[in-house]
Amino acid sequence: MSYLKSTFRHPESPKNKLGYTEAVYEGALSTLCAGCGHDSVSNSIIKACFELSLEPHKIAKMSGIGCSSKTPAYFLRSSHGFNSVHGRMPSVTTGANMANRDLTFIGISGDGDTASIGMGQFMHLVRRNLNMVYICMNNGVYGLTKGQDSATADIGSASKKGVPNMFEPMDLCELAISLGSGYVARSFSGDKSQLVPLIEGAIKHNGFALIDCISPCVTFNNNNASTKSYEWVRDHKEATGTFDLVPEEQEIVVQQPNQILETISLHDGSVLNLHRQPHSLDIQSRESVLSSLEEARQNEQMLTGLLYLNTDSRNTHELINSSEKPMNSFTKDELCPGSTILESINESLR
Amino acid sequence: MRLEAINEFVIRFANVNGTGSASANNMFSKAVFRMGVPVSPKNIFPSNIQGLPTWFEVRVTESGYLGSRGDVDFVVAINGQTLRKDYDTLVPGGYFLYDSTKALPRGFERDDVIDIGIPLTQMCIDNYSNPRQRQLFKNIIYVGALAYLFNMEFEVLTNMVKEQFAKKEKLIPPNVGALELGYNYAKEHYPDTCGLSVSRRDNVGDAIMIDGNSATGLGAVYGGATVCGWYPITPSTSVVEGFEKYAKKYRIDEHGKNKFALLQSEDELSAIGMAIGANWMGARAFTATSGPGLSLMGEFLGLAYFAEIPVVLVDVQRSGPSTGMPTRTQQSDVLSAAYASHGDTKQVVLIPCDPADCFEMMAKAFDVADRLQTPVIVLSDLDLGMNDHMSRPFVWDDNREYDRGKVLNAEQLENMKERWGRYKDVDGDGIGYRTYPGTHPTKGAYFTRGSSHDDYAAYTEDSSVYEANMERLVLKWETAKDVAPHPQIKYRDKDSKIAAIFYGTSAQASYEALDGLEAEGIKINTCRIKSFPFHNDIGSFIQEHDQIFVIEQNRDGQMRSLLISEFNFGTNRMQSILNIDGMPIRARRIKRKIERMLNGEKVSPFTTAHSSVEGA
Ligand SMILES: Cc1ncc(C[n+]2csc(CCOP(=O)(O)OP(=O)(O)O)c2C)c(N)n1
Ligand code: SF4
Ligand SMILES: [Mg+2]
């Protein structure tokens, strides 16, 4: 158990637009190891949903199998959750989303769950541009099965077991960008100030949004030789810039103009204000982002922040021309052609 | 000696696939049907797109036996590669129609076969210049010749051509012309040659002709399916194509958008995952596959069983194991469907035997799945799925409501006094109440998982809680026995101690064989299994009889094993009759096999030529 939550709530806890305190967005007590990065990511999810004033019951929490995939139990207790099978969260989420496009889908996976057993499903999920937030809690290791290397472990990086990884790592962000995802970010569980707005932006984005979140495993992969340890990540991460999200219904606060490089509107009217260094990467150009990621890797740097954004992608429903009304809301009369039509079908078969 | 029969014979067309023969052969079979004579066509095709042998067998059956009879009375031999084999399959007194452009090679000198040579290739060269036309019209010409030889109503054929090309009228005259070419040639050269004929009857009533898979797809539309993820595999692909065809016609909303979501997935794991996710969210969803896909779906089926999520899966069986004979039929997924997935799992299985059943059972499968909150596997096969069958028409009662099972809406949640538990059995039927995501702001949310859980869906490793949950699932299984379709039991003689059990596409040929035996004074009672779990009536039926033939189309007697394992009795009384040659099981062979078994002969259970001297 990572920590014991205090049940004391200050009566004056801030409330969001719905009148809910942040506590409403919490979940059951975590059973992960104390200090596990995944718990911090859960907290950022809680914060983001609170700040965006989302109705908890209009969110569906989806996951695969792993320590990371357990976390949906630890946030948003009033949301339905689905802990599916190892590596297959994408397909279950696709079906759920096809059945009700009105909900917000937050999918949680691990690097084993995504980059090994679930790689096929992950890539096809990106291709279909399902409208969802996909957070990979990436610790470079299989936590739940006790410390095997995962496919995101860097060459030469060694977990507690001490044997350096020999195989080429997968970069989920590069993959997602090349497969057409319109919102790709990398962050760090320990950087809440960066992660929370990234989650908010991902929720607001129409289509598939990936957050590859480095989330150290304190028990199996937080040693000196690991490139997914707290220390390594702190020393090597390089933010590409910061941004804040102004939800559609909020007034846009005037910023210092020279700090804002770009203002990008999202489909629902929300606005992303990007603050970046001059010459930093152009997040709306695939080529530039892919080469920056490559360059950073060669320099042993880890680029974080919003890496790629394309706001006019069409989500799966838009691509397959499905009804605006959720599929799960249709009644028999709306679905069943009835006996008269059946009789004409019979007649055509005689 | 020549065969003489009116409306009772089997004709086999031997073609090369990819040459357009299928539509001509279908035209012949449909014409028989339109003349009011029951007909049963079967396509025997290779796993290949072009250039390999394919056969099309049509049974003309005034008596209405739609199963496979066995033996061939008339061959239309268009495929040089298989000429010899096709010649040899003919029964004494049979007819051999071949392309006489080239003389038959040596060795085709049976004196018990009547040769009908028609120079099809030469006629095409003489009449058509375009090579594709030459190939296509060759098929139409032999249909015209058959019309003469069988004394069929020529207008039935010409009307069909007119219907088929109603939108491409230019094609009507050349097609009719080709029919006439064949008709006239046969008339001129083979008058009074053929002792087989088709004569108008009124024996098809209001029957329809359709393949099982299209019927299943239509059943999904009527049953209210909206989401389908699928991965192509013969022989199940046309289930989804059928669904799509009818959905595109009848499921478009007022803005021109689809009231269905169809996604071709990356594999079968994904296909079933999508179906499970959508059902969890409260839409009706399904997928369709065949054996290899069923194997891949195993893990997910266990999740749906244990987390109690409704889902409908159509398994159109083909010959296994592995890739097996992918375009040949079999009933060999019985055990892997019934016990799909690891751990203690049992899956509900529905088994249709004709297109009307496919339609009805598919629509019903969604009710059963929702009611029981568990996967339902509709177990069809290639013979049923991909061949046209004459069938009762489809019926739908407009007053019929969908049974969505135990689902709480916002109001019910709001007014609930006691604490709700997703897996709490409050009615004693083993089934809890579920909720769809997004229903109520503060009530009814729960965490769905494939790991052990208590009544409130919370994770548990408490053995007694786990055990209680597993036992509740047994109780639910009992409930399932009444929810799933009941067996069809028929007594020919209440006192008879001899019986037969069969299911799906083994039913028709079995009924026919047993009718034949009854005519000889042997009365055998029958039980057609329509679903798993087995209804208690099946147990009683087994107890009532001393010798029971379990007739099925797999090597290991899978249904027999399943009956023994579920009832724990009957081992010595149940005797397998099996067919595994990839062709539909034949009535004549079942009959012969039963006769020998009743005679006390030690014979192999297989009805096929390879394993015994059971005939061609
Ligand atoms: C089909 C299947 N294979 C293997 C496992 C065992 N297993 C459970 S979690 C896991 C790896 C999880 O790694 P990751 O996704 O990185 O999650 P983490 O625990 O590191 O957060 C494995 C291999 C399983 N549950 N299912
Ligand atoms: S094993 Fe690693 S990933 Fe799993 S809970 Fe512990 S720290 Fe977190
Ligand atoms: Mg991991």
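Order of the sequence lines fixes the chain letters, A, B, ..., with proteins taken first and strands second; residue numbering starts at 1 for each chain. Computation of the quantities below employed the complete heavy-atom set of this structure, encompassing side-chain atoms and omitting hydrogens, waters and symmetry-equivalent molecules. Note that the coordinates shown come from a computational prediction; the quantities given were computed from them, not determined experimentally.
For A/Arg101, there are no salt bridge (charged side-chain N to carboxylate O under 4.0 Å, His left out) partners at least two apart in sequence or on another chain.
Shown here for A/Leu32 and A/Cys67, the closest heavy-atom pair between the two residues is CD2-O, 3.8 Å. Among all heavy-atom pairs drawn from A/Ile199 and A/Ala48, the shortest one is CG2-CB, 3.7 Å. Heavy-atom minimum distance, B/Val204 versus B/Pro38: CG1-N, 3.6 Å. B/Ser265 approaches B/Tyr231 most closely through the heavy-atom pair O-CD1, 3.2 Å.
For A/Glu347, no part lies under 4.5 angstrom from a heavy atom of chain B. Only the side chain of B/Leu263 has a heavy atom closer than 4.5 Å to any heavy atom of chain A. Using a 4.5 Å cut-off between heavy atoms, A/Phe330 contacts chain B through its side chain alone, with no backbone atom that close. Within the 4.5 angstrom heavy-atom criterion, no atom of A/Arg127 approaches chain B. Residue B/Ala363 does not touch chain A at all, counting heavy-atom pairs closer than 4.5 Å. Heavy-atom distances place the side chain of A/Met62, and not its backbone, under 4.5 Å from chain B. Looking at A/Pro56, there are no atoms closer than 4.5 Å to chain B (heavy atoms on both sides), in backbone or side chain. Looking at B/Arg34, the atoms closer than 4.5 Å to chain A (heavy atoms on both sides) all sit in the side chain, from C-beta outward. Heavy atoms closer than 4.5 Å to chain A are found nowhere in B/Lys249, neither backbone nor side chain. Neither the backbone nor the side chain of A/Pro326 has a heavy atom closer than 4.5 Å to any heavy atom of chain B. Using a 4.5 Å cut-off between heavy atoms, B/Glu401 touches chain A through backbone and side chain atoms alike. Using a 4.5 Å cut-off between heavy atoms, A/Leu103 touches chain B through its side chain atoms alone. Both the backbone and the side chain of A/Ile341 come within less than 4.5 Å of a heavy atom in chain B. Heavy-atom distances place the side chain of B/Ile309, and not its backbone, under 4.5 Å from chain A. Within the 4.5 angstrom heavy-atom criterion, only side-chain atoms of B/Phe33, from C-beta onward, approach chain A. Heavy-atom distances place both the backbone and the side chain of B/Arg449 under 4.5 Å from chain A. Contacts between B/Asn279 and chain A at a heavy-atom distance below 4.5 Å are absent for every atom of the residue. With a 4.5 Å cut-off on non-hydrogen atoms, B/Leu303 touches chain A through its side chain but not through its backbone. Contacts between B/Glu254 and chain A at a heavy-atom distance below 4.5 Å are absent for every atom of the residue. For a residue to count as touching a neighbouring chain, one of its non-hydrogen atoms must lie under 4.5 Å from one of that chain's; by this rule A/Thr316 touches chain B with the side chain only. Only the side chain of B/Val227 comes within contact range of chain A, with heavy atoms under 4.5 Å apart. Contact annotation for A/Ser79: only backbone heavy atoms (N, CA, C, O) come within less than 4.5 Å of a heavy atom of chain B.
Interatomic distance, B/Tyr433 OH to B/Leu408 CG, rounded to the nearest 0.5 Å: 7.5 Å. For the atom pair CZ (A/Arg314) and CG (A/Asn129), the distance works out to 10.0 Å, reported to the nearest 0.5 Å. Separating the CD atom in B/Glu163 from the OG atom in A/Ser348 is a distance of 10.5 Å, to the nearest 0.5 Å. A/Leu335 contributes atom CG, which lies 4.5 Å from atom CZ of B/Arg251 (distance to the nearest 0.5 angstrom). From B/Phe359, atom CZ reaches atom CG of B/Asp354 across 12.5 Å, with rounding to the nearest 0.5 Å. How far OG1 of B/Thr439 is from NZ of A/Lys58: 7.5 Å, rounded to the nearest 0.5 Å.
We find that B/Asp367 and B/Arg284 are joined by a salt bridge, their nearest charged nitrogen and carboxylate oxygen being less than 4.0 Å apart. Between A/Lys204 and A/Glu51, no side-chain nitrogen of the basic residue sits less than 4.0 Å from a carboxylate oxygen of the acidic one, so the salt-bridge criterion is not met.
Interface summary for chain B: among A/Lys325, A/His86, A/Met123, A/Glu324, the most heavy-atom pairs under 4.5 angstrom belong to A/Glu324. Contact count against chain A (heavy-atom pairs under 4.5 Å) is highest for B/Thr435 among B/Ile252, B/Thr435, B/Asp397, B/Leu262. For the set A/Asn97, A/Thr94, A/Val85, A/Leu125, the entry with the most heavy-atom pairs within less than 4.5 Å of chain B is A/Val85. Of all the listed residues (A/Pro72, A/Ala60, A/Pro90, A/Ser63), the one sharing the greatest number of non-hydrogen pairs under 4.5 Å with chain B is A/Pro72. Ranked by heavy-atom pairs under 4.5 Å with chain B, the list A/Ser322, A/Ser329, A/Gly87, A/Ser78 is led by A/Ser322. Counting heavy-atom pairs closer than 4.5 Å to chain A, the top-ranked of the candidates B/Lys259, B/Lys30, B/His255 is B/Lys259. Per-residue heavy-atom pair counts under 4.5 Å with chain A were compared for B/Gly444, B/Ala247, B/Ala225, and the maximum is reached by B/Gly444. When each of B/Thr442, B/Ile208, B/Asp388 is checked for heavy-atom pairs under 4.5 Å with chain A, B/Ile208 comes out on top. Contact count versus chain B (heavy atoms, under 4.5 Å) is highest, among A/Leu349, A/Thr93, A/Asn328, for A/Leu349. Of the listed residues (B/Ile272, B/Leu269, B/Ile276), the one with the most heavy-atom contacts under 4.5 Å to chain A is B/Leu269. Chain A forms the most heavy-atom pairs under 4.5 Å with one residue out of B/Ala261, B/Gly223, B/Gly229, and that residue is B/Ala261.
In the model, B/Asp398 has a side-chain atom that pairs as donor or acceptor with a side-chain atom of A/Ser339 under 3.5 Å. A donor and an acceptor atom, one from each side chain of A/Glu343 and A/Thr340, are nowhere located under 3.5 Å apart.
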Q: Would you sort out whether B/Ser214 and B/Tyr246 count as a side chain to side chain donor-acceptor pair (under 3.5 Å), showing the intermediate values?
A: CA-CA 9 Å; B/Ser214 296; B/Tyr246 291 115; 5.5 Å; no
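By the 6.0 Å and 45° rule, A/Arg88 does not stack over the aromatic ring of B/Phe300.
Ring pair A/Tyr134/A/Phe208 is tilted by interplanar angle, where 30° to 60° counts as tilted.
Under the side-chain hydrogen bond (donor to acceptor under 3.5 Å, both in side chains) rule, A/Asp111 has a single partner from A/Ser116, A/Ser68, A/Ser150, which is A/Ser150.
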